[in-house]
Amino acid sequence: MKNSMSFLTDPTLSTVEIAEQLLGCLLVKEVDGVITSGHIVETEAYVGIEDQASHSYNSRKTPRMTAMYEPAGTIYIYKMHTHLMLNVVTKDKGDPQAVLIRAIEPHAGTQLMEERRQKQGVEATSGPGKLTKAMGIAMDDHETSILKPSLYIDTHEKKSPVSIERSKRIGIPNKGEWTDALLRFTVKGNPYLSRKKGQVRVDNGWDAMLD
DNA sequence: CTCACGATCGTCT
DNA sequence: GACGATCGTGAGT
């Protein structure tokens, strides 16, 4: 029996609520029939035309960011230096808000992800540019839906964070109140966070789950 | 065409 | 924590 609708496209939820609820969900990518996946442990909310840190600030709309203006569930990928950044649009068409996926805890295909990165352990997926490379995410995925293959989020395979921490977004200097806004969400005690890891918990910050 | 600038990463201190 | 690498985008001439 299927649930009715993913929270990802629920119009009653704010971008902040979606950023929180994404923690623990399974991000999945299939390349040439091979799956890699990981549970999301770090997100950031970019809350629209008033958010000076967002690409869509002041209703800015350039060719690379048209996906931001598409409906909830649309994937927005952009290049930062040599890296790809993965975002999921959260609101209705014409309301450019999104969540940046910043880190995952590997689930399936860990060895393949380490090979793609030429890095072991936490270094494979502990950052927005790292996880896209590890999972083989490419510009082909841009403007596709996060609800269907080959790049999708499985909200049924969700783990439950023991505790969620809020902090300032990474790499947002000189943006007034938006520099200090607490719009970054992390699973407390998880070792795969991109920065400012606190003490790592033995359960990686997940509630014990009975299957 | 030119040029300034990053929602980063890796390395070094 | 600081800094250099490195390159596509977008604004300006």
Side-chain angles (χ1 to χ4, degrees), chain A residues 14-16 18-20 22-23 27 29 38 40-70 72 74-91 95-106 113-143 146 151 153 164-187 190-198:
Chain A
S14 68
T15 300
V16 162
I18 292 173
E20 290 180 310
L22 275 172
L23 294 178
L27 179 68
K29 170 66 179 172
I40 296 167
V41 299
E42 176 175 340
T43 60
E44 284 178 358
Y46 288 84
V47 298
I49 63 176
E50 296 187 355
D51 181 354
Q52 290 181 46
S54 175
H55 293 166
S56 58
Y57 173 59
N58 203 20
S59 300
R60 197 155 179 266
K61 189 175 185 182
T62 64
R64 81 164 173 172
M65 70 181 66
T66 55
M68 289 274 289
Y69 289 78
E70 292 302 302
T74 302
I75 293 170
Y76 167 44
I77 298 178
Y78 70 92
K79 288 184 175 128
M80 172 63 175
H81 293 80
T82 55
H83 311 287
L84 299 183
M85 303 287 123
L86 172 62
N87 299 263
V88 179
V89 177
T90 54
K91 303 298 286 181
D95 187 355
Q97 305 190 37
V99 173
L100 171 66
I101 312 250
R102 289 191 51 92
I104 61 164
E105 174 181 319
M113 292 194 277
E114 290 179 337
E115 285 170 9
R116 286 178 175 145
R117 283 272 298 138
Q118 293 294 299
K119 298 281 180 187
Q120 303 291 310
V122 297
E123 288 306 314
T125 59
S126 55
K130 298 178 187 179
L131 75 89
T132 56
K133 181 169 185 183
M135 299 185 80
I137 292 167
M139 287 309 293
D140 291 358
D141 297 306
H142 180 57
E143 292 185 306
I146 199 63
L151 174 59
I153 288 172
I164 293 173
E165 279 194 320
R166 291 182 72 146
S167 54
K168 302 196 296 190
R169 293 174 290 186
I170 304 296
I172 310 289
N174 309 317
K175 301 295 184 187
E177 63 185 297
W178 298 99
T179 288
D180 296 324
L182 301 179
L183 293 173
R184 173 174 176 247
F185 302 87
T186 54
V187 175
N190 191 276
Y192 292 87
L193 304 185
S194 67
R195 294 177 52 169
K196 295 173 182 167
K197 309 186 218 305

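Keep in mind it's a predicted model, so treat the numbers as computed, not measured. In the text below, chain A, chain B and the rest are named by the order of the sequence lines, each starting its count at 1.
Residues forming a side-chain hydrogen bond (donor to acceptor under 3.5 Å, both in side chains) with A/S126 (at least two apart in sequence, or on another chain): A/K130.
Within the 4.5 Å cutoff, the side chain of A/R166 has no heavy atoms near those of the A/R184 side chain. Counting heavy atoms from C-beta outward, A/L100 and A/L86 have side chains that stay 4.5 Å or more apart.
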Please table the atom pairs, donor to acceptor, closer than 3.5 Å between any side-chain atom in residues 134-142 of chain A and protein atoms at least two apart or in another chain.
| residue | atom | partner | partner atom | Å |
| --- | --- | --- | --- | --- |
| A/D141 | OD1 | A/K29 | NZ | 2.9 |
| A/D141 | OD2 | A/K29 | NZ | 3.1 |
| A/D141 | OD2 | A/A138 | N | 3.1 |
| A/H142 | ND1 | A/I77 | N | 3.1 |
| A/H142 | ND1 | A/I77 | O | 3.4 |

Please table the atom pairs, donor to acceptor, closer than 3.5 Å between any side-chain atom in residues 62-69 of chain A and protein atoms at least two apart or in another chain.
| residue | atom | partner | partner atom | Å |
| --- | --- | --- | --- | --- |
| A/T66 | OG1 | A/E143 | OE2 | 3.3 |
| A/Y69 | OH | A/S59 | O | 3.2 |
| A/Y69 | OH | A/R60 | O | 2.6 |

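Here A/R60 does not reach the OP1 or OP2 of C/dT9: none of its side-chain N or O atoms lies under 4.0 Å away.
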task: Toss me the dot-bracket line for DNA chain B: Watson-Crick and G-U wobble, both under 3.5 Å, 5' to 3', using | for pairs to another strand and [ ] for crossers.
output: ||||||.|||||.
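Annotation for A/R169 and A/W178: closest pair NH2-O, 3.1 Å, computed over non-hydrogen atoms.
Interatomic distance, A/K79 NZ to A/L84 CG, rounded to the nearest 0.5 Å: 6.5 Å. Atom CZ of A/R102 is separated from atom CD1 of A/I40 by 13.5 Å, given to the nearest 0.5 angstrom. Rounding to the nearest 0.5 Å places CD of A/E105 at 8.0 Å from OG1 of A/T125.
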- request: Do nucleotides 4-13 of chain B as a string where each nucleotide becomes B, S or -: B if the base has a protein heavy atom under 4.0 Å, S if just the sugar-phosphate does, - if no protein is that close.
  value: --BBBSSS--
- request: Under the ring pair (Phe, Tyr, Trp, His ring centres under 6.0 Å) rule, what do A/H55 and A/Y46 come out as? Steps first, then yes or no, please.
  value: CA-CA 8 Å; A/H55 293 166; A/Y46 288 84; 7.5 Å; no
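Residues from residues 134-141 of chain A lying near DNA chain B, meaning a heavy-atom separation below 4.0 Å, are absent.
To the nearest angstrom, P of C/dG10 lies 18 Å from OH of A/Y57. Between A/K61 atom NZ and C/dA11 atom P the separation is 14 Å, expressed in whole Å. C/dT9 atom P lies 11 Å from atom CE of A/M65, rounded to whole Å.
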